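The figures here come from the full heavy-atom set of this structure, side chains too, leaving out hydrogens, waters and symmetry mates. All values reported here derive from a predicted model rather than from experimental measurement. Just so you know, residue 1 is the first one in the sequence shown, and it goes up from there.
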Amino acid sequence: MLLLLLLLLLLLLLLLLFFCESSNAFFSLSSGSGIRGFTPFRFSVEPVDTLAVRGLPAVLNCSAASDAPVRVEWKKDGTFLNLVADDRKRQLVDGSLLISTVVHSKHNKPDEGVYQCVATIDILGTISTRTARLTVAGLPRFLSQPEGVSVRMGGTEMLSCEVTEELVPFTRWERDGRPVELYDRVIQLPSGALVISNASQSDAGLYRCTIDGLGPAKTTEEAELQVSADSGVEEKLETLQGPVAVAKVVGESVLLPCVMKGYPAPMIRWTFNDRPIDESRERFAVIGGGSLQIVNLTEEDAGIYVCQTDSGNMTSEIQAELTVHVPPRFLTRPSNTYAQESMDIIFECDVTGSPPPTVKWMKDGDTVIPSDYFRIVKQHNLQVLDVALPSAVPSLTDATTDHVASSPAERSGPTPSAPRDVVASLVSTRFIKLTWRLPAEPHGENITYSVFYSLEGTNRERVENTSGPGEMQVTIQNLVPDTKYTFRVVASNANGPGESSTPLTVATQLEVQVPGPAPNLQVVSVGTASATLSWERPSTGNGEIQTYKLFYSEKGQDSEQDMDVTGLAYTVTGLKKFTEYSFRVVAYNKHGPGVSTEDVVVRTLSDVPSAPPQNLTLEVLNSTSIMVRWQPPPPGTLNGELTGYKLRYRKGLRRADTIEISTTQLFQLIDGLEKGKVYTVRVSASTVNGTGPTTEWIAAETFENDLDESQVPGVPSSLHVRPLVNRIVVSWTPPENQDILVRGYKIGYGIGSPHAHTVTLDYKQRFYSIDNLDPSSHYVITLKAFNNMGEGIPIYNSATTRPQSDPDIDFYELFNNPYTPAPDPTPMLPPVGVQATVLSHDTVKVSWADNSLAKNQKITDSRYYTIRWKTNIPANTKYKMANTTSLFHTVTALKPNTLYEFSVMVTKSRRSSTWSMTAHGTTFESIPSSAPKDVTVISKEGNPRIININWQPPTEANGKITGYIIYYSTDVNAEVHDWVVEPVVGNRLTHQIQGLTLDTTYYFKIQARNSKGMGPMSDAAQFRTPKGKPQPYKPGITGSQENHILVIVVIVSVGVFTIIAVVVGAVLCTRRSNSHQKKKRAACKSSTGSHKYKSSSKDLKPPDLWIHHERVELKPMDKSPEPNPVMTETPIPRTTQDPAAEPSHQRRGHEGEESVSTLAGRRGVRPKIMMPFDSQPSQQSVRNQPPAPGPPVAPSQPSTTAELQKTEAVIKEEEPPSINPPTAHVRPTHPLKSFAVPAVTVSAHNPPTYETALPSTPLLAQPGLFSKHHWVPGVKMASIGTLNRVRAPMAVTVPSAPDQSETSKMLDTTYETDELSEEMAHLEGLMKDLNAITTG
């Protein structure tokens, strides 16, 4: 029994050990595979469009859900917010954005914009929410005030409350200070107006509209609603508010208003797509006396709704379109996917919605741009080609072979060698066929092959395997035309992949075919200002479609507008109402535009007129009738077929019962009026959609009594003439009997007889200008009034025109316009104070004052104003005009950066004033609306790598051009940021670009800019640089070296010529001084002593520059343009040593000096030679002042380094030198005078006078030459170079100058012929050294 138990325990232990090992192996396998699970990462809450209130807080909600830590950030208008620097914005714990206080003003709107929430997991990636717009409600204000009205018992009335669209949700109504309760009989329209139907006495009261929720409540003025008893009098049908086109989203509610007024009470019915609406349906209800309410909208509710009204004696129909938008919805969502390297994967995505939604793919928060590795397939799916690891892909080297082959330790046997003779046997635009031969060492049978290929210049490879063992060819599909690819082939056997073949680079052929036309183009008008287009992908695409370009134009217009579209549908907005448009679509691929579709013509839907009739005038005919005339609304504002006009008039200026008349004419006679009463009239235009806005109320007063037309008018009471050179201005007053009707006046005039010419004028005319008369001529003029009974008695006058020499000036013209009627009884003055206020680049507000109005400038009669304007260009004489009934007018559609002149005249009835004085205004600048034109590229002659690009300014610069930007690239389809940019400042029209590659095609685009920004780019100009011509090769010599050698030759030649000239001069001077030297030879021989130089000694030198060549200092000659060039100072210390007794190390110093000078000459430096002088100890500065008197410093006392560096003086050549001349700058006036010979004065008691020297650079101490506390005698510091070239100082050894006695003896020394021969031989040696320098 115990044995059995022990065996069972042993088995259990073995099982436990087995499970543990299996678990460890599983976990090790999982960890070794490197595959991790998917991390859930999504947004649980996304921000939505929000309407914020100024001064109150606002919240944009956002929350991301994930198991890993999430970092949430916010973007505004595409830029990340810096919440640390903004104390008004902070992020809540869940990621939402809180704006503590919304700031909003006219010029500062920091909070309004588009926001987006961005969530990031560092080890995973980034996701972004939808964008949400934050809108700040405007200031609470009312566009108009409600007016008091009277309504019959049981009738319908509407009180308007006009506010902006964003303020409608904040409006409510109050009656007698208490909120109005809304229900089926009393409703509030989407515009904010209050409708009361089936009125009763309980509805009477004082109403006002209130805006709440935007700070302090704001209310309108109170308007009284009176409810009167039913009088039974018939009232014409009147439309207070009709339905308008509206767009809603599925699931929302909509209210289509139809508010009609009349008696008998009108019956209202609704139809949908020409079928009656069943009001018994739950979602449909007629409320407020006729408005249709639809709740829980569906997509099937979209269509045309018509409100039909019948009041027994009149009918009316008003239609409107309801558009129902379906929010985008995913039918197929992308799913998480595992992929191996170099695989192709597809993320599926299918959406639906109305209008058709657009799909945009994002990767880590950034938009995916289609490329060679990312493609949009099947309209919405994303295909990722050749999946790569996040790390860098290895390059095409031995490491690449190791990447695709197993390690040697894992191989069980030899692998194949590289395939041989890999060639491209067939090359097309989109595929390449490769063939190869068997490897030299296959090491087995059933050899398979893998082809690795990549774009040239990239390391990201894709792989294509052969279809079976032994097959030695493969076709690579889906390549890009005109693109280079690199291929290599790897053979594999049972042991694994072998060696890679040599890479082969092949370019696909160029595909020049363009897409065909997009089939099945359909255009549907979906609103009064929009149309939706849809089409299919071209069947002959000839490549990936990059974009579609949609062209449309208004029918009858030549100019087309276009826009780029990426999908297969698009809704064009911003169209004109009830206007025919022509649409067509063109597909684009990389080769350019394809074939265009046929034009499809569609007319947008009609709407009510958007403007009232123009030029409304009232003419009182008699005491009981008024003639009303008007003009149609401005062109483009009818928005449909005009069905007629509605004229309303009332008695008095205040609100009273109005009478409505419908007509299709442009005039209407109102009769049956009361005598001596004021009537006001206004007119509106109507289409099938309803009535448009009305004109302002125009007032006119009927006559107290009717005029008599039973007899002809009397004679005019006066006739005045004003003669000028070529015309006569005639003015008159009407007949004295004002009770007789005058229909008009007739003027007759002629030379000597008034019957030559006759002019008929209006009865209100009071003056006239008779033009085109002869100077210095006597004219007889007659005037008579007439009516329907006949012509009255004429009045005569005569006048003689002025001579031709007199100026033709008539100040009466200020009140006269012969082409317009004159006011009665005095001329109307033109408007004054005309001002033009520029509002934008295309808008100017013109305002003026009218002196004929009351002081409050309130218009109460039928006058209107005409504004005319034109550009201030002499060639432009065409005016544009507009009419208005107010004292200002906003002129739009002007050209940017253009000077305009404006003038105004007033018209009342048939009388008009002259034009006012002009006002000028220049519109603001705008960005250029056209690109630079005539772009040409030419190669520079002699240098094919340089091109000159020329262009002309844009036609529509819209301002002063401040510069251009030139873009150029070798790929015309490259993104804009990949083009090379060359800025051009100013208004230059040419630019040179250097460093281009030979035999290469370049594309150039130009963009103009002004103070407002950048304009559009020009079309790409193509240019191919020429092929380079081979240059003959010159070994060892380049162009720069040739120039350098030429300079050296010139310098050396000048130096040799200078030396020869100086030598000749020195020889001549020596011969002239021979006689003087012979006289002193005896005295000199007797006093030679120990200090005399030996003639055979090497140090024996006469005081001649050309003889002391061992002691000179060669320096570069400075060819300064200044008249007195300054040399670098070389201070020389005083010493008493004899040159003959000079130590050997000092003599070696001389040799070192000569070697340094020779080295400077070999470097091509032009020499400048300075004689070493004794240094004069400086007690004070010798610049600009003579030296202080006192005992001279002992010759044996050495000068300090500081004193040596401060010694600066110039010796005048004409001044007698002193015994101990100081260290001096030699300042020759000519390059040939670079040598100075010290002279000795006769007297030692006269101190020398020094001239001011220019600042010089003192020599610096050199290590090794000066110790800390003493200096080495005879060693000097010299700079080889000019003032403008700084070189390292070098040491020179200068012998000490002899004292006075020695110098005198040297001067008295006489030289024999053999001595001169020796010096000449030495000079020849110097010339040989110079030749060696130049040839070296």
- Message: Less than 6.0 angstrom separating the ring centers of Phe1004 and Tyr968, yes or no?
- Response: yes
- Task: Without swapping roles, check the side chain of Thr337 against the backbone of Ser335 for a donor-acceptor pair under 3.5 Å.
- Result: yes
- Would you say the side chains of Arg488 and Ser500 form a donor-acceptor pair under 3.5 Å? yes
- Checking Ser66 side chain against Pro40 main chain: does a donor-acceptor pair fall under 3.5 Å? yes
- Take atom CD in Glu348; do more than 12 heavy atoms of anything else shown fall under 6.0 Å from it? no
- Message: Salt bridge or not between Asp350 and Arg333? Use side-chain N to carboxylate O under 4.0 Å.
- Response: no
- Query: Is any NZ, NE, NH1 or NH2 atom of the basic residue among Lys1005 and Asp1019 found under 4.0 Å from an Asp or Glu carboxylate oxygen of the other?
  - Reply: no
- Determine whether more than 12 heavy atoms belonging to other residues, nucleotides or ligands lie under 6.0 Å from atom CD of Gln477. yes
- Kindly say whether Thr997 contributes a backbone atom to a donor-acceptor pair with the side chain of Thr1025 at under 3.5 angstrom? yes
- Is the Trp951-Tyr964 ring centre distance short of 6.0 angstrom? yes
- Tell me yes or no: between the side chains of Asn495 and Thr415, is some donor less than 3.5 Å from an acceptor? no
- Item | Nearest atoms (heavy-atom pairs only) where Phe551 meets Tyr588 | CZ-OH, 4.5 Å
- Query: Does Ser428 offer a backbone N or O that forms a donor-acceptor pair with the side chain of Thr508 under 3.5 Å?
  - Reply: no
- Message: For a quick check under 3.5 Å, do Tyr453 and Glu461 share a side-chain donor-acceptor pair by atom type?
- Response: no
- Item | Within 6.0 Å of CD in Glu941, more than 12 heavy atoms from elsewhere | no
- Item | Any donor-acceptor pair under 3.5 Å from Trp979 side chain to Ala974 backbone | yes
- Query: Would Arg584 and Ser596 count as having a side-chain donor-acceptor pair, cut-off 3.5 Å?
  - Reply: yes
- Item | Donor-acceptor contact below 3.5 Å, side chain Thr120 vs main chain Asp122 | no
- Task: Ignoring hydrogens and angles, tell me if any N or O in the side chain of Asn381 forms a donor-acceptor pair with the backbone of Cys349 under 3.5 Å.
- Result: yes
- Item | Under 3.5 Å donor-acceptor, Ser417 side chain and Glu441 backbone | yes
- Query: Just by distance, do the side chain of Thr547 and the backbone of Val565 share a donor-acceptor pair under 3.5 Å?
  - Reply: yes
- Message: Under a 3.5 Å distance rule, please check whether Thr486 uses its side chain to pair with a backbone N or O of Leu504 as donor and acceptor.
- Response: no
